[in-house]
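Residue numbers begin at 1 in each chain, while the letters A, B, ... track the order of the sequences. Source: prediction; values computed, not measured.
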2 protein chains.
Amino acid sequence: MSASSFDGVGALTFDVFGTVVDWRSAIIRDGEELGRAKDIDLDWPAFADDWRALYQPAMERVRTGEIDWCMLDDLHRMNLDELLLRHGIGGLTEDETDRFNRVWHRLDPWPDVVVGLTRLKAKLILATLSNGNTALLVNMAKRAGLPWDAVLGAETAGAYKPQPRAYLRTAEMLGLAPERCMMVAAHNGDLAAAAALGFKTAFVRRPNEYGPEQTSDLEPEGVWDIVAEDFLELADKLGR
Amino acid sequence: MSASSFDGVGALTFDVFGTVVDWRSAIIRDGEELGRAKDIDLDWPAFADDWRALYQPAMERVRTGEIDWCMLDDLHRMNLDELLLRHGIGGLTEDETDRFNRVWHRLDPWPDVVVGLTRLKAKLILATLSNGNTALLVNMAKRAGLPWDAVLGAETAGAYKPQPRAYLRTAEMLGLAPERCMMVAAHNGDLAAAAALGFKTAFVRRPNEYGPEQTSDLEPEGVWDIVAEDFLELADKLGR
């Protein structure tokens with residue numbers, strides 16, 4: 001597809017965890033620091049993976065209505081408390097636990113992200129379409145220099161991806177038909193949900209999101225409009 | 001109050017129409033252009049004032065529940081249709097009317113705004129807290145180069161200022177107590193509503209918002225934390 005095929009696209013909507021930022025390295029980094037400070041001996045890479053593994057089941061409880069709407073900071077905290085209990089870690093103050101929970105506000109972008117987004121921002125609206133809550137995404141962007149035009153997603157839509165409302169309400173708030181939005185994600189499932197609603201799609205490969213042993217989302221598994229190795233190639237393919 | 005009194009402030013929340021952008025000049029500008037193109041002879045400054053005069057009554061119908069939630073683009077359109085009827089202007093196509101209605105997406109900032117916001121952004125979260133809908137504010141920011149960290153307000157809160165929920169939900173979405181937010185506005189009423197909920201307050205004088213004959217909001221009418229002539233003085237007083 002040539003760049004001109006995307007002339008009608010007005011906004012890129014970005015998945016954030018894994019696509020824009022590397023959550024795993026930051027959790028390991030802050031976990032190891034906490035471990036040194038509080039004399040906690042843990043396999044922090046495994047802890048990071050366990051914390052992330054509780055992410056979808058927690059959101060599913062909200063999606064199904066088992067629990068009321070709950071922003072991601074609160075779901076992360078619920079899962080963190082569960083993991084601390086599981087590992088018998090009881091020596092953290094409320095402030096220490098809260099600070100560690102907010103490691104999700106302090107994730108670093110992949111190396112290509114800020115340069116790529118800055119190029120893309122010249123011509124397109126850049127919005128998050130993330131399950132992260134607004135404060136999390138705003139604090140992350142402020143720290144990392146992510147130049148979003150709009151911070152949208154689950155909290156502003158009142159629904160967690162892949163529920164259709166998360167995508168449709170985001171497009172609506174941008175004043176654009178779904179066809180004029182392109183979902184950018186490293187996850188085939190996210191792109192499939194967006195495509196089913198009319199979004200254009202860009203798969204960006206993030207083969208180390210889950211560490212060196214990653215087995216999922218290594219390849220595009222659908223007919224996506226763009227496949228790119230990183231945000232620089234995405235900008236190239238969009239002609240920006 | 002010295003700059004250090006504001007150390008706890010994490011975010012500035014901005015009123016937009018009148019405080020950040022000059023709505024009146026843009027409506028006159030685009031109205032005159034439309035008038036030339038379509039041979040419509042109108043007093044466009046008076047038209048601008050009339051359109052703005054219908055703004056509060058329209059929002060009041062939403063606030064009281066007389067009509068269901070309706071974003072500002074739709075209220076502007078309802079009011080525009082009313083004014084076109086009142087002036088017997090019937091020769092506009094749907095596209096022309098829609099385009100003129102979106103003049104609110106194409107407002108220009110006061111001359112001090114972009115420089116002032118850029119200084120303030122280095123240390124503080126800058127968020128809109130406007131009755132404008134998200135698309136309107138995002139398009140305006142993109143065109144004018146307004147470096148918001150978050151576009152929030154009536155649409156994301158589901159309530160029009162001065163209803164408390166508009167302010168409180170915005171602070172909540174930023175993850176900050178109201179006391180850690182400073183409302184910036186050229187309107188005493190907006191600041192009074194915010195202050196009653198715990199927000200800090202900054203009054204910025206915009207004596208020409210309503211044109212050369214402006215009689216309201218020329219002076220601070222409350223004990224605001226900061227009074228500034230423009231966003232540069234605001235940045236000075238915040239020590240940024």
Side-chain angles (χ1 to χ4, degrees), chain A residues 10-13 69-74 76-77 98-99 101-102 104-106 117-118 120-130 132-158 169-177 180-181, chain B residues 10-13 69-74 76-77 98-99 101-102 104-106 117-118 120-130 132-158 169-177 180-181:
Chain A
L12 302 179
T13 58
W69 179 261
C70 207
M71 67 175 169
L72 193 61
D73 273 344
D74 294 337
H76 278 150
R77 177 59 189 265
D98 180 59
R99 185 180 147 70
N101 192 52
R102 287 167 192 275
W104 296 92
H105 298 218
R106 299 186 299 272
L117 290 180
T118 302
L120 291 162
K121 187 179 167 86
K123 289 278 182 73
L124 292 161
I125 290 168
L126 307 184
T128 62
L129 204 174
S130 165
N133 49 292
T134 308
L136 182 161
L137 295 168
V138 168
N139 292 338
M140 174 199 286
K142 197 80 177 165
R143 179 179 173 280
L146 307 175
W148 304 126
D149 293 302
V151 173
L152 299 172
E155 192 178 27
T156 48
R169 182 71 184 126
T170 298
E172 185 179 57
M173 290 181 81
L174 292 171
L176 296 171
R180 298 197 55 207
C181 299
Chain B
L12 303 181
T13 58
W69 177 263
C70 209
M71 67 175 168
L72 193 60
D73 274 343
D74 294 337
H76 277 150
R77 177 58 190 265
D98 180 59
R99 186 182 145 71
N101 192 53
R102 287 167 192 275
W104 297 92
H105 298 218
R106 300 186 298 271
L117 289 180
T118 303
L120 290 161
K121 187 179 167 85
K123 290 278 183 72
L124 291 160
I125 290 168
L126 308 185
T128 61
L129 204 175
S130 166
N133 49 293
T134 308
L136 182 161
L137 295 167
V138 168
N139 291 339
M140 173 199 288
K142 197 80 179 167
R143 179 179 173 280
L146 307 175
W148 304 126
D149 293 304
V151 173
L152 299 172
E155 193 178 24
T156 48
R169 182 72 183 125
T170 299
E172 185 178 58
M173 289 181 84
L174 292 171
L176 296 171
R180 300 198 54 206
C181 299

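In terms of modelled atom types and a separation under 3.5 Å, the side chain of A:Ser130 and the main chain of A:Gly132 share a donor-acceptor contact. B:Asp149 places a side-chain N or O within donor-acceptor distance of the main-chain N or O of B:Leu126, the cut-off being under 3.5 Å.
In this structure, B:Pro147 and B:Lys121 approach most closely via the heavy-atom pair O-NZ, 3.1 Å. When all heavy atoms of A:Gly10 and A:Leu176 are compared, the closest pair comes out as C-CD1, 4.0 Å.
Among A:Thr134, A:Asp73, A:Asn133, the residue with the largest count of heavy-atom pairs under 4.5 Å with chain B is A:Thr134. The most heavy-atom pairs under 4.5 Å with chain A, out of B:Ala141, B:Ala135, B:Ala11, come from B:Ala135.
Neither the backbone nor the side chain of A:Arg102 comes within less than 4.5 Å of any heavy atom in chain B.
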